[in-house]
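Here the structure comes first, spelled out in structure tokens, and everything after it is commentary.
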Amino acid sequence: MGLDRNGHAKKAIIKLLEYLNDGYEWIVDIDLEKFFDTVPQDRLMSLVHNIIQDGDTESLIRRYLHSGVVINGQRHKTLVGTPQGGNLSPLLSNITLNELDKELENRGLRFVRYADDCVITVGSEASAKRIMY
């Protein structure tokens, strides 16, 4: 069950509690460290194109991604990642992480994702170990 930042943490917690109450008490925590900094922009734009299919909007999004950052007064290009804290970043990260959601669903796993944090619940230690490897 993928949720964005505006999908309310409360819903994510309630869904997680449902899984735990159903006996899925082993948790595998997926840590997408530095996710926003490492999103492949070309792959992201391909996913955006599949959803939007509007050249003008896609061009604006690409310019937003390439707008760069200022570090110590110097502008640096951003050819990878999404601007953390930017208005579009949560939406763009969810477009990317929707692929993860689909894969977890296809595997029949019970999971909760809140932005770039994800936990998978399973019924045994053996199942948890299988997921981790």
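Keep in mind the model is a prediction, meaning the values are calculated, not measured. Throughout, numbering of the chain's residues begins at 1 and tracks the sequence.
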Problem - Validation row: K15, R110 side chains within 4.5 angstrom (heavy atoms) - result: no
Completion exercise
Taking every heavy atom of Y64 against every heavy atom of S89, the minimum-distance pair comes out as OH-OG, 3.3 Å
Problem - In one Ile/Leu/Val/Met/Phe/Trp/Tyr side-chain cluster, 4.5 Å: L47, I61 - result: yes
Practice task
Please indicate whether R75 has more than 12 foreign heavy atoms, meaning atoms of other residues, nucleotides or ligands, lying under 6.0 Å from its CZ.
Solution key: yes
Practice task
Please examine the side chains of T82 and L88, heavy atoms only from C-beta on, and report whether any two atoms are closer than 4.5 Å.
Solution key: no
Practice task
State the CD1-CG distance between I27 and L20, to the nearest 0.5 angstrom.
Solution key: 5.0 Å
Problem - Heavy-atom donor-acceptor pair, N106 side chain to K102 backbone, under 3.5 Å - result: yes
Problem - L92 and L65, any side-chain heavy atoms less than 4.5 Å apart - result: yes
Completion exercise
CE (M132) and CD1 (I30) are apart, to the nearest 0.5 Å, by 11.5 Å
Practice task
Could you tell me whether N87 atom CG has more than 12 heavy atoms of other residues or ligands within 6.0 Å of it?
Solution key: no
Fill in the blank from the handout: Note: V112 and A12 closest approach over all heavy atoms is CG1-CB, 3.4 Å
Exercise for the section: For residues H66 and K77, determine if any side-chain heavy atom of one lies less than 4.5 Å from a side-chain heavy atom of the other. Expected result: no
Exercise for the section: Side-chain contact test, heavy atoms from C-beta onward, threshold under 4.5 Å: evaluate it for N94 versus D101 and give yes or no. Expected result: no
Exercise for the section: Would you mind reporting whether V119 and L16 have side-chain heavy atoms less than 4.5 Å apart? Expected result: yes
Handout entry: Donor-acceptor under 3.5 Å (Q41 side chain, T78 main chain)
Key = yes
Handout entry: Verdict with supporting geometry, I131 and V122, side chain to side chain contact (heavy atoms under 4.5 Å, CB included)
Key = CA-CA 9 Å; I131 288 171; V122 293; 3.3 Å; yes
Practice task
May I ask you to test the V28-F111 pair for a side-chain heavy-atom distance under 4.5 Å?
Solution key: no
Exercise for the section: Indicate whether any N or O donor in one side chain lies under 3.5 Å from an N or O acceptor in the other, for R62 and S59. Expected result: no
Practice task
Tell me yes or no: between the side chains of S93 and T96, is some donor less than 3.5 Å from an acceptor?
Solution key: no
Fill in the blank from the handout: One should read off an interatomic distance between T121 OG1 and D22 CG, to the nearest 0.5 angstrom, of 8.5 Å
Handout entry: Q74: side-chain contact (heavy atoms from CB on, under 4.5 Å) partners, not counting sequence neighbours
Key = H76
Practice task
Provide the closest heavy-atom pair for A128 versus W26 in the form atom of the first, atom of the second, distance.
Solution key: CB-CB, 4.3 Å
Problem - Between CE on residue M45 and CG on residue N50, distance to nearest 0.5 Å - result: 10.5 Å
Fill in the blank from the handout: One should read off an interatomic distance between L104 CG and E99 CD, to the nearest 0.5 angstrom, of 11.5 Å
Practice task
For residues D42 and L44, determine if any side-chain heavy atom of one lies less than 4.5 Å from a side-chain heavy atom of the other.
Solution key: no
Problem - CZ on R43 to CD1 on I95, rounded to 0.5 Å - result: 12.0 Å
Handout entry: Single-linkage hydrophobic cluster V80~L97, side-chain heavy atoms < 4.5 angstrom
Key = no
